[in-house]
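Ligands are counted one by one from 1 in listed order, and the atoms in each one are counted from 1 as well. Everything numeric in this text was worked out from a predicted model, so none of it was measured.
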Amino acid sequence: SIPFLLLFLVASFWSCAPSDEKKPEYVLRFGHLANNQHGWHLASLKFAEEVKKRSNGRIEVKVYPNEQLGKEMDVLTGLLVGSADIMITGESLQSWSLPKAILCATPFAIRDSDHLKKVAGGPLGKEIEQHILDGAGFRPIAWFERGARNLTSNRIIRHPDDLQGMILRVPPVSLYVDTWSALGAKPTPMAFSEVFTALQQSTIHGQENPFALIKDAGLYEVQKYCMLTSHVKSWAYVVMSGKKYDSLPKDLQKVIDESAEIMQEYEHELFLVQEKKDYDFLVEKGMEFIEVDNEAFQTAAKEAVLQSFDAEQTDLLNRILQV
Ligand code: 2Q2
C-alpha cells in the first residue's frame, strides 16, 4: 500500500498547486496609518485590484493598514531602503527637508473643497509634487482630499486662551508644533498608532484630526468633546519609491499611473459621502461638538504660520491664497 500512498500524495500535491495563477514578477508593499474601514484603506485595495488586473498579475500590491509597516516617518525611510514601496503621507514630509510639502496642510490656507481641488489638482499641486520627487525621491502618484482637522479633548476649549497647559498630540510636523505652541498649548509630536493609548492613559490631553480618523481609530471612546476648529483643510499624497517606479518597465509604469488615477477618483467618491456619516456616527456615540471662536483661532494661527515659514514657503502660501 506504500506505492498507493505515494501516488495519492503526489496526486494531491499536484492538484493543489495553482496552475493558471502565475507568480507575480513584482510585489509592492503599500502601508498607511488608517484602519481597514477608512477610505484610504478601501482606496488602496482598489488600487491593488486595478494593478493586478491591468498588469495581468505581473504586479501584486500588498496593503498594510494601521502602521503595520511601521510609523509614518519610518515607512518614509522604508521607501528609500526598499522595505516599503508605496505609502500615504503628507505634511510629515516637511520633516524630510521638503519645506514646500507642508503647504498641503497649512492652517487656514485652503478655504473649501473647490479651492483645494484647484490647488492640489492644478499647477501649484504639480509644483509641490515635483518638489517631493526631486527633493527626496518619493513619487506622488495620487492625492486625497481630507476632512477638516478638528481638536478633540475631555475639556471644552472655545478660545486659544483655554489651551494653556494642554498637552496636545500632533503629527511629527514642525509647523504644527510651532502653531500650537503659539496658540498656548504644549504640542507633543507622536506617531498616529500611539495616540489612542496615550489618550487613554492621559499622557496627552488631546489631539486633532478629521472626523474619519477620530471615528476609525476609536478616539471617540477616550475623547468627549470635538471642538469645531476646522483649523486645517488638507490633502494627502500617495507616494511611491521613485527608484522602484523607475525600475519598472514602461508598460507597468503606465499600469501604476492608470490605477493610481482610478484610486484617486474612487477615494474621492468615498470621501464625499463619508464625512457626514462619520459625523453622525460620532454624535450617536455621544461625542459633543463644540463651537469655538473661529476668528480668534484663525488670527492667532495665521500669525504663527507666517512666523514659522521661510521666504519660499510664504511665497507659495501667497500664491495658494490667490487661487
Ligand atoms: O494625525 C495624523 O497622524 C495624520 O492625520 C497626519 O495628518 C498624517 O499622518 C500626516 O502626518 C501625513 O503626513
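Few gaps surround CD on Gln200; more than 12 heavy atoms of other groups in view lie less than 6.0 Å from it. Summarising the local packing, NZ of Lys224 is surrounded by more than 12 heavy atoms from other residues, nucleotides or ligands at distances under 6.0 Å. The number of heavy atoms from other shown groups lying within 6.0 Å of NZ (Lys100) is above 12. More than 12 heavy atoms of other shown residues, nucleotides or ligands fall within 6.0 angstrom of atom CD in Gln68.
Counting only heavy atoms from C-beta outward, the side chains of Cys226 and Glu288 never approach each other to under 4.5 Å. Side chains of Asn318 and Leu321 form a contact here, defined as non-hydrogen atoms less than 4.5 Å apart.
Ligand 1 is surrounded by Leu33, Glu72, Thr89, Gly90, Glu91, Ser92, Arg146, Arg149, Arg169, Pro171, Phe192, Asn209, Leu213, each with at least one heavy atom closer than 4.0 Å.
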